[in-house]
Amino acid sequence: MRASEAAVCIVGGGAMGGAIARGLVASGTCPASHVTVCDHNDAKLEALASDCAVSTARDAARALAASPDVVVVAVKPQVLSSLLEEVGPAVAGSLAVSIAAGTPLGSIEEQLGEGARVVRVMPNLPVAVRRGASAVARGLWATDDDVALVCELFGALGSVAVMREDQLDAEGAVIGCAPAYFALMVDALTRAGVDAGLPAAAARDLACATMGGVSEMLSDSGEHPRAYMEKVTSPGGTTAAALRVLEPALVEGCYGAVDAALERTRALSRKG
Ligand SMILES: NC(=O)C1=CN([C@@H]2O[C@H](COP(=O)(O)OP(=O)(O)OC[C@H]3O[C@@H](n4cnc5c(N)ncnc54)[C@H](OP(=O)(O)O)[C@@H]3O)[C@@H](O)[C@H]2O)C=CC1
Ligand SMILES: O=C(O)[C@@H]1CCC=N1
């Protein structure tokens, strides 16, 4: 089945579920009439209906009774199990796509029952503007066609890589969380800029523009980041002085951040 033909139900219309719905419709991958978003929150549903004309429902059980082809489960990991307890039988006939951090395929398959087709995806927030990055891992009973359909859906929202499930947690700790790491970098640079005498709004705008430009140059050229850094770093210049301070702190910070995210992922996985 092609993505354009699939009826897609997204359970949870929050940050990620909303971003996926908006991205799928804006990219033309799914007609709005094929997408339903369920959430308890009327304000989120109204915003989604007005932004991208998807159907909305407060009651997931009722929306799932229509037997959608794909159910994207986009609730917090802490409530996934109780949601599946409630609507599991209705999901079991569809292709279930879980984006929950740290919830193993095995525990979802166990709740949905033998034969349930489940695919795990770890996307990130820029799927909202179709510049996200998602890792995809197939469940025991998911078919090649299921994986191809999920890759088409998330491929419309940015880059996709198929991985083994045991790689997905690390991908989440690095790439799933990275939008927050990058936003923190913009904020930290803005604060340092203000401290150095720059107007806050200009510092933030210029930092954002630079991040977008660096991202485009690195991905278009495929150049190694180190080679790119060399082009900015004049011998005996200002960048060399800055990097001498920033590099050890940032590298240590990144290793520590990913370790902490992984530890939390494992804790969530044990609770599930
Ligand atoms: N945020 C991110 O950047 C990323 C998140 N993820 C994963 O995505 C999932 C969703 O995260 P996120 O979007 O941030 O969370 P949000 O809290 O923003 O969204 C979840 C939404 O689901 C709603 N909800 C909860 N239970 C139900 C239910 N039974 N029926 C319908 N709606 C329900 C919540 O409503 P209410 O608040 O009223 O309970 C909320 O609006 C998580 O599992 C997370 O691990 C993965 C990658 C990146
Ligand atoms: O913070 C979280 O749990 C989610 C998972 C990856 C990014 N955000």
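Given the structure is predicted, the values throughout are model-derived calculations rather than measurements.
Taking a cutoff of 4.0 Å between a charged side-chain nitrogen and a carboxylate oxygen, Arg138 and Asp146 do not qualify as a salt bridge. At a threshold of 4.0 Å, the pair Glu223-Lys231 counts as salt-bridged, since one of the basic side-chain nitrogens sits closer than that to a carboxylate oxygen.
Side-chain contact between Arg266 and Leu262 is present, with at least one heavy-atom pair separated by less than 4.5 Å. With a 4.5 Å cut-off on side-chain heavy atoms, Leu243 and Thr233 count as touching. Within the 4.5 Å cutoff, no side-chain heavy atoms of Val11 are placed close to those of Val72. Residues Leu64 and Val91 have side chains in contact (heavy-atom distance under 4.5 Å, counting atoms from C-beta outward). Contact check for Arg204 versus Val186: side-chain heavy atoms found under the 4.5 Å cut-off. Counting only heavy atoms from C-beta outward, the side chains of Leu80 and Ser98 approach each other to under 4.5 Å. Looking at heavy atoms from C-beta onward, Val121 lies in side-chain contact with Val150 at the 4.5 angstrom threshold. In this structure, Ile108 and Leu84 have side chains that are in contact, with non-hydrogen atoms separated by less than 4.5 Å.
Distance alone, capped at 3.5 Å, places no donor-acceptor pair between the Asp39 side chain and the Leu45 backbone. Here the side chain of Ser94 pairs a donor or acceptor atom with the backbone of Pro68 at under 3.5 angstrom. Of the possible donor and acceptor atoms, one in the side chain of Gln111 sits under 3.5 Å from a partner among the backbone N and O of Ser81. Here the side chain of Arg58 pairs a donor or acceptor atom with the backbone of His40 at under 3.5 angstrom. A donor-acceptor pair is defined here as one N or O able to donate and one able to accept, closer than 3.5 Å; no such pair exists between the side chain of Asn124 and the backbone of Gly132. Using a distance-only test at 3.5 Å, with no hydrogens or angles considered, no donor-acceptor pair links the side chain of Glu171 to the main chain of Gly176. No donor-acceptor pair under 3.5 Å is formed between the side chain of Glu165 and the backbone N or O of Gly139.
Note: Arg264 CZ to Ser269 OG = 11.0 Å, rounded to the nearest 0.5 Å. Summarising the geometry, atom CG belonging to Asp169 is positioned 5.5 Å from atom OG1 belonging to Thr265; distances are rounded to the nearest 0.5 Å. The CZ atom of Arg131 sits 9.5 Å away from the OG atom of Ser159 when rounded to the nearest 0.5 Å. The distance from atom CG of Leu268 to atom CD of Glu263, rounded to the nearest 0.5 Å, is 11.5 Å.
Across all their heavy atoms, Leu168 and Ala137 have their closest contact at CD2-CB, 4.0 Å. For the pair Val25 and Cys52, the tightest heavy-atom approach, listed with the atom from each and the gap, is CG1-O, 3.5 Å.
In Met217, the CE atom is not crowded: 12 or fewer heavy atoms of neighbouring residues, nucleotides or ligands sit closer than 6.0 Å. By the 6.0 Å contact criterion, CZ on Phe182 is open, its count of non-hydrogen atoms from other residues, nucleotides or ligands being 12 or less. Heavy atoms from other residues, nucleotides or ligands lying under 6.0 Å from CD of Gln167 number more than 12. Around the CZ atom of Arg62, the shell of radius 6.0 Å holds no more than 12 heavy atoms that belong to other residues, nucleotides or ligands.
No donor-acceptor contact under 3.5 angstrom links the side chains of Asp187 and Thr190, judged on distance only.
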### Task
For the pair Leu24 and His34, evaluate side-chain contact (heavy atoms from CB on, under 4.5 Å) and give the outcome as yes or no after the intermediate values.
CA-CA 10 Å; Leu24 286 177; His34 290 193; over 6 Å; no

